[in-house]
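In what follows, chains are A, B, ... by sequence order, proteins preceding strands, each numbered from 1.
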Number of protein chains: 2
Amino acid sequence: MGLTEHEHADWGARATEALAGAGYRRGGARAALIALLDEQRCALSATELEQALRTRGGRGVARASIYRILDELEALRMVTRVEVGQGLARFEAAREEGHHHHMVCDACGQVIPFEDPELERAIRRLAQRVTFAVAEHDVVLHGACADCRQAEAARDEPRRPRTAPAPTAAT
Amino acid sequence: MGLTEHEHADWGARATEALAGAGYRRGGARAALIALLDEQRCALSATELEQALRTRGGRGVARASIYRILDELEALRMVTRVEVGQGLARFEAAREEGHHHHMVCDACGQVIPFEDPELERAIRRLAQRVTFAVAEHDVVLHGACADCRQAEAARDEPRRPRTAPAPTAAT
DNA sequence: TTACTTGCAAAGTATTTGCACCGCC
DNA sequence: GGCGGTGCAAATACTTTGCAAGTAA
């Protein structure tokens, strides 16, 4: 659901290659982190990456190393840093094929990816019009996910007796 | 250049009113912070706000108070929190009339505001299409500002003798 | 006078840095 | 075997929280 086996292998290989090309040696921590990032379908925070690495049996990687490696990969443009306003940074593999943005539920904190060609087009056009040299772009939508939206509705409704159809003021 | 006197007074008044309406008393720190935010034309970080308040004679406001007041104003939707990926949060008055987004120069850190109707339209259309309830949205463009772009070019060029027009390899 | 507001200082959390040891080449 | 890679722990930076004193209503 989302990425194919091929795309997975592809990014991991390209990332490894990019590191080698930049003169980095190949270390266990790097390999483990790249493998993990390759499996993800959306951005994870440094802490989540650390826990995932510790859990998944393979090998634990120190937080400092995670940050260092993410920096290297970001500099090589193989990883994208995503800030969604929760006071922490999230990271994800920079795949050409799966370019997307994020919706953040301010109630439960969930981060949901989405794609939108029209949005991309608008940004591309904008980039051509300004003197600023646009290299990357991020779009973050804040609000309530379907679940939390329902929860909110359920929390607001109760005060209305189920008999009266609630004269919803269309403010 | 940007906002008119009227719009300034307008936001400050609305913010003050919003606080009062939410049951908050009127305190000196709140008034000072609102006045400062009202003068700004783009987002400032908590630290910048603190320094500005200390400098501009009027009255200093403790950092903790700044964060607290910004939280209140954000909850009332009178202030927008902007995260541009520099490890700190920026805040600005939420004006209906001056809705804009930000370009961040990754070289010098400068944050530049811009507006784009087409982009807004794309986001509005997108919001209608998804189950997620979109309340706010942020667009951040990363890259190099005009100045830094030139600086980069100047730094890369020197190896080319000024006589030869540099046969820019189109990779 | 009562309760909210503010400042100061301490606590937290995310990220970075220094340094010694380990492993790739 | 040397040079980078990695882990651990300490240091930073930003933000939040606790509490006592100030102040609006």
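Set against C:dG7, C:dC4, D:dA9, the side chain of B:Ala62 has C:dG7 as its closest nucleotide. Here C:dG23 is the nucleotide among C:dT15, C:dT2, C:dG23 with the atom lying nearest to any side-chain atom of A:Arg25. Considering only the side chain of B:Leu88, D:dT15 comes nearest among D:dA24, D:dT15, C:dG7. Among the nucleotides C:dT5, C:dT15, C:dG7, the one closest to any side-chain atom of A:Ala46 is C:dT15. Distance from the side chain of A:Arg30 is smallest to D:dT6 among C:dT2, D:dT15, D:dT6. Looking at the side chain of A:Arg59, the nearest of the listed nucleotides C:dC8, C:dT6, D:dT6 is D:dT6. Nearest nucleotide to the A:Arg68 side chain, out of C:dT6, D:dC8, C:dT15: D:dC8.
A 6.0 Å sphere centred on CZ of B:Arg56 holds more than 12 heavy atoms belonging to other residues, nucleotides or ligands.
Between B:Gly28 and B:Ala89, the residue whose closest nucleotide on DNA chain D is further toward the 5' end is B:Ala89.
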Please list every donor-acceptor pair under 3.5 Å in which a side-chain atom of residues 106-117 of chain B meets a protein atom from a residue at least two apart or in another chain.
unit_1   : atom_1 : unit_2   : atom_2 : d
B:Asp106 : OD1    : B:His142 : ND1    : 2.8
B:Asp106 : OD2    : B:Gly143 : N      : 3.3
B:Asp116 : OD1    : A:Arg129 : NH1    : 3.4
B:Asp116 : OD2    : B:Leu119 : N      : 3.2

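Taking atom CZ of residue A:Arg26 and atom P of nucleotide D:dT6, one finds them 12 Å apart after rounding to whole Å. In this structure, B:Phe91 atom CZ and D:dC14 atom P are separated by 12 Å, rounded to whole Å. In this structure, B:Leu70 atom CG and D:dC14 atom P are separated by 15 Å, rounded to whole Å. We find that CD of B:Glu50 is positioned 11 Å from P of D:dC14, with the value rounded to whole Å. One interatomic measurement links the two molecules: CD of A:Glu74 to C1' of C:dT16, which rounds to 14 Å at whole-angstrom precision. Protein atom CD of B:Glu72 is 12 Å distant from nucleotide atom P of D:dT16, rounded to whole Å. Straight-line distance from the CZ atom of A:Arg63 to the P atom of D:dG7: 12 Å, rounded to whole Å. What separates CG of A:Leu44 from P of C:dA14 is a distance of 14 Å, to the nearest Å.
Between B:Arg121 and A:Glu118, none of the side-chain N atoms (NZ, or NE/NH1/NH2) sits under 4.0 Å from a carboxylate O, so this pair counts as no salt bridge. A:Arg95 has a carboxylate O that lies under 4.0 Å from a charged side-chain N of A:Asp38, or vice versa, which qualifies the two as a salt bridge. Checked for salt-bridge contact, A:Arg54 and A:Glu50 meet the test: a charged N lies under 4.0 Å from a carboxylate O.
Counting non-hydrogen atoms under 4.0 angstrom, B:Ala29 reaches the backbone sugars and phosphates but no base.
A close approach under 4.0 Å does occur between a side-chain nitrogen or oxygen of A:Tyr67 and OP1 or OP2 of C:dT15.
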